[in-house]
K.L.:
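Let me begin by handing over the structure; questions about it come next.
Whatever order the structure lists ligands and atoms in, that order sets their numbers, starting from 1.
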Amino acid sequence: MVFKETDGQYVAHTYGRFPLEIVSGKGSVLKDVSGKEYIDLGSGIAVDSFGVADDQWIAAVNEQMCKIQHISNLYYTQPCAELAKMLCEKTGMKKVFFGNSGAEANECAIKVARKYAADHKGPEYYTIITLEKSFHGRTLTTLAATGQDQFHKLFQPLTPGFVHTPANDIEAFIALAQKVKPAGVMMECIQGEGGVRALDADFVKGVAEYAEKNDIMVIIDEVQSGNGRSGMFYSYMNYGISPNIVSTAKGLGGGLPIGACLMDEKTKDVLGPSDHGSTFGGNPVCCAGAISIVSRIDDTLMAEVKRKGEIIRNILKDAEGVEYVSGMGLMVGVKTVKPAIDVVKGCMEKGVICLTAHELVRLLPALNIPDDQLIKAVNILKEVCKQ
Ligand SMILES: *Cc1c(COP(=O)(O)O)cnc(C)c1O
């Protein structure tokens, strides 16, 4: 190992890193310091939408980098305006706030829901309902939103005003909503970190209908599932609902840090001057990268994402040591008989990078991973899953 030790000495130990030092790559193939190649089924956790060192993305980012890298939100920049327009045209949403991460996108979404409720119903309507096993980020507020107890213990007190309800239980949701004076309900249509689980359509529709009737803001967290990963531009589009607020990040910038909070007709003017802000938010280089990503997420690519997802499912269904395959499109969970972490380590030895999500192996390959690389990697995974 070349820089593992320096990292271990000087970088905070917040990550359980694998002993892998990646230095370069192209598309879905990564190279480590020794020159060993890996097929990447993780995309830097759903971030490198078109793999690494993608030519189109590099050209877009370079071009903007050479013009101007940052100018602050006191002035207008073209990439920011254009990206916002593009996201609205793709979704029917009306306005966008840009931040730098998923957690920040969710912070914005929560602020919008709370201010809307305060303006329209009264300040006592501040509670946000989220789902058990959800993941919404690492800030004190988005940790409070995250419906997993293990994240809550160490940093009390978290931001108050969050309650959790089991996924796919509409009665429990309605009972809770009647009890707590909610400002909003926030959910991932396909839960990611919590175990790659697509919510039941009846539940998602039921929540959206109840929320609309009662003017509770529907916030959909598309940080992981968004930007083409599910086979639709945003995963909620698979469910036929119209959220009031959508948050996204990860794959949006194709590898540069950018998050976005999209607001609908009801919520687009909730935030006014100085209600919210971010120094780096809407950074022109990040926005230029994001434009190059979003402009490629079209019907043809979405058909490809679905087809490639089916390739994975076909190889793994009925495979020895595989209990079931979950998720949607190129957001795939694999319940293995062996512990997921052992499968991930076994794959790494054989030159394939995949992820875990709780007790599942998680696959989030680049949206354009070539078929031959995908088939080769998933067959290696299949071998590793065998007892
Ligand atoms: C990763 C993730 C977040 C947090 O994003 P960061 O960019 O790490 O802050 C929030 N919600 C979901 C669904 C995620 O997968």
K.L.:
Can you confirm whether K36 is buried at NZ, in the sense that more than 12 heavy atoms of other residues, nucleotides or ligands lie under 6.0 Å from that atom?
P.N.:
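Above 12, so yes.
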K.L.:
May I ask you to check whether Y116 and N244 show a side-chain donor-acceptor distance below 3.5 Å?
P.N.:
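There is no such pair (donor and acceptor under 3.5 Å, judged by atom type) between the side chains of Y116 and N244.
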K.L.:
Out of V305, I375, I39, D40, which one pairs with I369 under the side-chain contact (heavy atoms from CB on, under 4.5 Å) rule?
P.N.:
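Testing I369 for a side-chain contact (heavy atoms from CB on, under 4.5 Å) against V305, I375, I39, D40 leaves exactly one candidate, I39.
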K.L.:
Is at least one protein non-hydrogen atom found at under 4.0 angstrom from atom 15 (O) of ligand 1?
P.N.:
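At least one protein heavy atom is under 4.0 Å away.
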K.L.:
Tell me if the CD atom of Q148 is crowded by more than 12 foreign heavy atoms within 6.0 Å.
P.N.:
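Atom CD in Q148 is packed in, count exceeds 12.
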K.L.:
Between F151 and F135, does the ring centre distance come in under 6.0 Å?
P.N.:
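Yes, ring centres under 6.0 Å apart.
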K.L.:
Please say whether G102 places an N or O atom under 3.5 Å from an N or O atom belonging to ligand 1.
P.N.:
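By distance alone, the answer is yes.
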K.L.:
At less than 4.0 angstrom from any non-hydrogen atom of H136, what atoms of ligand 1 do you find?
P.N.:
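Answer, ordered by atom number: 10 (C), 11 (N).
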K.L.:
For the pair Y210 and F173, name the ring-plane relationship: parallel under 30°, tilted 30 to 60°, perpendicular over 60°.
P.N.:
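Plane angle over 60°, so perpendicular.
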K.L.:
Could you check atom 12 (C) of ligand 1 against the protein and tell me its nearest heavy-atom contact, residue, atom and distance included?
P.N.:
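Sorting protein heavy atoms by distance from atom 12 (C) of ligand 1 puts F135 O, 3.3 Å first.
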K.L.:
Which one holds for T142 and ligand 1: side chain close, backbone close, both close, or neither close, with close meaning a heavy atom under 4.0 Å?
P.N.:
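It is neither; nothing of T142 touches ligand 1.
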K.L.:
Does any N/O atom on A103 come nearer than 3.5 Å to any N/O atom on ligand 1?
P.N.:
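So ligand 1 has an N or O lying under 3.5 Å from an N or O of A103.
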K.L.:
Which of the atoms in ligand 1, numbered in the order shown and given with their element, are less than 4.0 Å from a heavy-atom of Q224?
P.N.:
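Answer for ligand 1: 15 (O).
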K.L.:
Any atoms of ligand 1 less than 4.0 Å from a non-hydrogen atom of S101? List them with their elements.
P.N.:
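Heavy-atom distances to S101 below 4.0 Å select 7 (O), 9 (O).
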K.L.:
For atom 11 (N) of ligand 1, grab the closest protein heavy atom and report residue, atom and distance to one decimal in Å.
P.N.:
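Sorting protein heavy atoms by distance from atom 11 (N) of ligand 1 puts D221 OD2, 2.8 Å first.
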K.L.:
Only heavy atoms of N106, strictly under 4.0 Å: list the atoms of ligand 1 that pass.
P.N.:
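Near N106, the atoms of ligand 1 are 10 (C), 11 (N).
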K.L.:
Using a 4.0 Å heavy-atom cut-off, say whether E188 meets ligand 1 through its side chain, its backbone, both or neither.
P.N.:
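Answer for E188: side chain.
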K.L.:
Starting from atom 1 (C) of ligand 1, what is the nearest protein heavy atom, named by residue and atom, and what distance separates them?
P.N.:
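Heavy-atom neighbour on the protein nearest atom 1 (C) of ligand 1: K250 NZ, 1.5 Å.
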K.L.:
Looking at F155, I want to see if its CZ is surrounded by more than 12 non-hydrogen atoms of other residues, nucleotides or ligands under 6.0 Å.
P.N.:
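Open: at most 12 neighbouring heavy atoms sit under 6.0 Å from CZ of F155.
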K.L.:
Can you tell which of I258, V96, T77 makes a side-chain contact (heavy atoms from CB on, under 4.5 Å) with L83?
P.N.:
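Of the listed options, the one satisfying the test is I258.
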